[in-house]
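Please read the structure below before turning to the comments.
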Amino acid sequence: MFPKDFLWGGATAANQIEGAYLEDGKGLSTADVMTLGSHQKKRRITQILEKDEYYPSHKAIDYYHHFKEDIALFAEMGFKVYRMSIGWSRIFPNGDETEPNEKGLEFYDQIIDELEKYHIIPLVTISHFETPLGLQKYGSWQNRKVVDFYVRYAKVLLERYNDRIHYWLPFNEINCMSTQSWVAAGIDSDDEKIRMQAAYHQFLASAKVVKLAHQINPENKVGMMYCGHFAYANSADPDDVIGTMNFMHQMMFYCDVQCRGYYPKYKLKELDRLKILLPIRQGDLEILKEGTVDFLSFSYYCTHVTGKKTNGILKGMNGLDTGYKNTFLTKSSWGWTVDPQGLRYALNYLYDRYQLPMMVVENGLGAIDILDGEEIHDDYRISYLREHLIQLEKAIETDGIPVMGYTMWGPIDLIAASTGEMKKRYGFIYVDADDLGRGSLKRYKKDSFYWYQKVIETNGKILEEENENEKIYRYG
Ligand code: BG6
């Protein structure tokens, strides 16, 4: 059984839905200079806009002009919570201004108005893969000045939405610093020293925001958001097990710092070996200690197999190649393993380590959908989500893990972060647009729309019935 106040909903990110990339004073962000890619072709970072190149974030699904219609559809599904992000460069177009752009704030005021109209609780990611491009002149997160710019931005939001928003995530998937640092922090470099200094600055910024959020309104809850990398050892060979431990350390240190308030020993030793000095100043360690998060959230799509051959961390979201395969699991069309039990494992893994309230803030299936008249029969998506929700329920009911909610990724089709494609669709709502932004942008309800509506309406009871009957229901 799911708890009675369980927060069901969906999650999106500003740069993947809004479009209107220069409207109402918005500045360019790191997402706006990423070209279209594909499963086979890496997205290019151009730093300045090139003619004749397609940039998916510029148009996206034009949520900027469709948000009322889209939020009404979320409400129709019965959303209790909506995880959204605020575009930093809408509020501070270059990132370093002293005053915010009022027009940008007004846009989000209207979104919050709509959510309140339907009693949907906002959960806000302050920075989701879009650092203002204007901060490149400082070296982006490599420079400590960016901590102050970010905190200024966060303070504007915390104060303006003081009594309207109480759930905050300072950074989306903070551990992506190690896998795709341009996306996570506007750092186009594989240099470990630069990445580790930038990560340090983000930890500091996050801790400051936790403290500030609590001061501004004690009701505020601030979480961390981990990109769900979880690995099984390739075999019982102790070398594979140690290889897996090392792999997980590369990722878990992000959670350790944010949940415990200090760097774990294994990381300090490694930094020492690499001769990387953290830019620690007086008082910083206290800030980290005092700014630990209130809850732990993560995205979950797949699991990895790792071992003695796994060298370092994963490079880029397109690859996900650890050198091993899991022969027990199938894969999505984009090569991501499908592992519902892994979600239960992940929840246990994290809860054993931190004992914090948890939230699954992304989970979903990127697939090609076919529009059949006005309908989309996406049984594969229903089946994927249903299997994951069954495991989520087991983690709550059987293992006793306090999970506050679940926000499915991409309740409305949006552009994919890793490839920039539109055809990698996650939504319950289909948007008529292709990879080059052509199409009417008309919204259609998929079969999964009606299914999720039933899941929420019955607080997950429908999953038990479906399980007993061993079949997938069609709705609509
Ligand atoms: C998460 C990101 O890593 O994965 C999202 O937070 C992203 O922004 C999601 O969209 C799914 O990845 P993709 O590449 O299929 O969009």
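Indexing begins at 1, ligand by ligand and atom by atom, following the structure's order. Everything numeric in this text was worked out from a predicted model, so none of it was measured. What's counted below: heavy atoms across the whole structure, side chains too, no hydrogens, waters or symmetry copies.
- Of all the heavy atoms of Trp334, none lies under 4.0 Å from any atom of ligand 1, so neither backbone nor side chain is involved.
- Residue contacts with ligand 1: Ala417 is placed with a nitrogen or oxygen under 3.5 Å of a nitrogen or oxygen of the ligand (distance criterion only).
- Remark: ligand 1 atoms within the under-4.0 Å shell around heavy atoms of Lys424 are 13 (P), 14 (O), 15 (O).
- Taken from CG in Asn101 to CD in Glu106, the straight-line distance is 8.5 Å, to the nearest 0.5 Å.
- Checked for salt-bridge contact, Arg344 and Asp399 meet the test: a charged N lies under 4.0 Å from a carboxylate O.
- Atom CD of Gln136 is surrounded by more than 12 heavy atoms from other residues, nucleotides or ligands within 6.0 Å.
- Not a single heavy atom of Met225 sits less than 4.0 Å from an atom of ligand 1.
- Under a 4.0 Å criterion applied to the non-hydrogen atoms of Tyr426, ligand 1 contributes the atoms 11 (C), 12 (O), 13 (P), 15 (O).
- Listed by number with element, the atoms of ligand 1 under 4.0 Å from a non-hydrogen atom of Phe129 are 2 (C), 6 (O), 8 (O).
- Proximity of Trp336 to ligand 1, defined as any heavy-atom pair under 4.0 Å, is confined to the side chain (atoms from C-beta onward).
- When non-hydrogen atoms are compared, ligand 1 lies under 4.0 Å from the side chain of Asn172 (C-beta onward) but not from its backbone.
- Checked for salt-bridge contact, Lys442 and Asp432 miss the test: no charged N lies under 4.0 Å from a carboxylate O.
- Residue-level proximity to ligand 1 for Ala13 is absent, since no heavy atom of it falls below 4.0 angstrom.
- With respect to the salt-bridge test (charged N to carboxylate O, under 4.0 angstrom), the residues Asp413 and Arg443 do not qualify.
- Contact check on Glu76 versus Lys445 returns a salt bridge, with a Lys/Arg side-chain nitrogen under 4.0 Å from an Asp/Glu carboxylate oxygen.
- At least one N or O atom of Ser418 sits closer than 3.5 Å to an N or O atom of ligand 1.
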| query | After noting the C-alpha distance and the side-chain angles of Arg90 and Glu18, does the key distance pass the salt bridge (Lys or Arg N to Asp or Glu O under 4.0 Å) rule? | reply | CA-CA 11 Å; Arg90 280 202 194 283; Glu18 286 175 3; 2.7 Å; yes
